Amino acid sequence: MATPDFIRTLRETAGHQLLFLPGVSAVVFDDRGRVLLGRRADNGSWAIIGGIVEPGEQPADCAVREVYEETAVRCEAERVVLVETLRRPVVYANGDQCQFMDVTFRCRAVGGEARVNDDESTEVGWFDVDDLPEMKRFSLLRIEKALADDPTWFRTTATG
């Protein structure tokens with residue numbers, strides 16, 4: 001994930017200490033019901049598309065922006081699927097620490113051709129939901145929740 005300029009500025013004074021940051025994830029479906037995935041350049045895993053919300057940016061706008069920046073696919077955010085503070089902080093190779101509060105959106109593709117559009121992915125593509133590549137639970141849970149016609153899911157202390 002590319003580091004936004006505002007975080008670089010924060011890091012000048014905060015050093016490597018833990019930052020709590022807003023993030024978004026986008027589960028994008030096309031008109032055939034396939035889901036858009038990218039193979040992450042940092043770890044080689046297939047995943048849904050996501051990123052960090054910029055100061056003043058609306059989360060839904062961020063989801064749409066991140067999908068286009070990473071895949072060249074135009075989409076519209078349809079609904080909030082999930083809200084969750086991730087349990088473990090991420091520690092990057094340079095020692096920076098971040099913990100993310102993720103808002104996941106179900107999105108609908110409205111244009112563009114899926115392709116690698118920046119340096120965050122090595123591959124992108126559409127996948128049938130019954131034939132997904134191996135992925136981490138993070139992405140699988142979000143796809144599962146986006147497919148369900150349930151209210152927004154969130155974790156509480158009671159739900160663990």
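Keep in mind that the numbers below use all heavy atoms, side chains included, and drop hydrogens, waters and symmetry copies. None of these values were measured; they are calculated from a predicted model.
- Side-chain contact between Phe105 and Val24 is present, with heavy atoms from C-beta onward closer than 4.5 Å.
- If you take CZ on Arg106 and CZ on Arg79, they are separated by 6.0 Å, rounding to the nearest 0.5 Å.
- Of all heavy-atom pairs spanning Cys75 and Cys107, the tightest one is SG-CB, 4.0 Å.
- When all heavy atoms of Ala109 and Trp126 are compared, the closest pair comes out as CB-CH2, 3.7 Å.
- Checked by atom type and distance alone, the side chain of Asp118 pairs as donor or acceptor with a backbone atom of Glu120 at under 3.5 Å.
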Exercise for the section: Check step by step if salt bridge (Lys or Arg N to Asp or Glu O under 4.0 Å) holds for Arg32 and Asp30. Expected result: CA-CA 5 Å; Arg32 293 172 43 192; Asp30 67 5; 5.2 Å; no
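- Using a distance-only test at 3.5 Å, with no hydrogens or angles considered, no donor-acceptor pair links the side chain of Ser121 to the main chain of Asn117.
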Handout entry: Evaluation steps, side chain to side chain contact (heavy atoms under 4.5 Å, CB included), between Lys136 and Asn43
Key = CA-CA 11 Å; Lys136 294 183 178 182; Asn43 64 19; 3.7 Å; yes
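- The shortest side-chain heavy-atom distance between Thr71 and Leu36 falls under the 4.5 Å cut-off.
- When hydrophobic clusters are built by joining Ile, Leu, Val, Met, Phe, Trp and Tyr residues whose side-chain heavy atoms come closer than 4.5 Å, directly or via intermediates, Phe127 is grouped together with Leu147.
- Applying side chain to side chain contact (heavy atoms under 4.5 Å, CB included) to Phe100 and the options Thr85, Ile52, Val53 leaves one that passes, Ile52.
- The side-chain heavy atoms of Arg142 and Asp102, taken from C-beta on, include a pair separated by under 4.5 Å.
- Leu82 has its side chain out of reach of Val103: every pair of non-hydrogen atoms, C-beta onward, lies at least 4.5 Å apart.
- At a threshold of 4.5 Å between side-chain heavy atoms, the hydrophobic network of Ile, Leu, Val, Met, Phe, Trp and Tyr places Ile49 and Val129 in two separate groups.
- Two residues are said to be in side-chain contact when any heavy atoms from C-beta on lie closer than 4.5 Å; Gln99 and Leu18 meet this criterion.
- Under a cutoff of 6.0 Å and an axis angle of 45°, Arg34 and Phe29 do not form a cation-pi pair.
- Every residue two or more places apart in sequence or in another chain that forms a side-chain contact (heavy atoms from CB on, under 4.5 Å) with Glu76 is listed here: Arg108, Val110.
- Placement of Trp153 and Val81 within a single hydrophobic cluster is found when ILVMFWY residues are connected by side-chain heavy-atom separations under 4.5 Å, directly or transitively.
- Taking every heavy atom of both residues into account, Glu113 and Ala72 meet most closely at O-CB, 3.7 Å.
- How far OG of Ser45 is from CD of Glu134: 8.0 Å, rounded to the nearest 0.5 Å.
- Minimum heavy-atom separation, Pro4 to Glu54: CB-OE2, 3.4 Å.
- Using a cutoff of 4.0 Å between basic side-chain nitrogens and carboxylate oxygens, Arg40 and Glu70 are not scored as salt-bridged.
- Counting heavy atoms from C-beta outward, Met135 and Ile143 have side chains that approach closer than 4.5 Å.
- No side-chain heavy atom of Phe20 sits less than 4.5 Å from a side-chain heavy atom of Cys98.
- For CZ of Arg8, the number of neighbouring non-hydrogen atoms (other residues, nucleotides, ligands) closer than 6.0 Å is greater than 12.
- Checked for salt-bridge contact, Glu144 and Arg137 meet the test: a charged N lies under 4.0 Å from a carboxylate O.
- Hydrophobic clustering, with ILVMFWY side chains joined whenever heavy atoms are under 4.5 angstrom apart, groups Leu132 together with Trp46.
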Practice task
Give the intermediate values and the outcome of salt bridge (Lys or Arg N to Asp or Glu O under 4.0 Å) for residues Arg11 and Asp96.
Solution key: CA-CA 8 Å; Arg11 289 287 180 206; Asp96 288 354; 3.5 Å; yes
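- Minimum interatomic distance between Val67 and Val73 (heavy atoms only, all atoms of both residues): CG1-O, 3.4 Å.
- Connection of Leu19 to Phe6 is established within a shared hydrophobic cluster, with ILVMFWY side chains joined at heavy-atom distances below 4.5 Å, either directly or through further cluster members.
- Under 4.0 Å is where a charged nitrogen must lie from a carboxylate oxygen, and between Glu69 and Arg65 at least one such pair does.
- Residues Leu86 and Phe138 are in side-chain contact: their nearest non-hydrogen atoms beyond the backbone lie under 4.5 Å apart.
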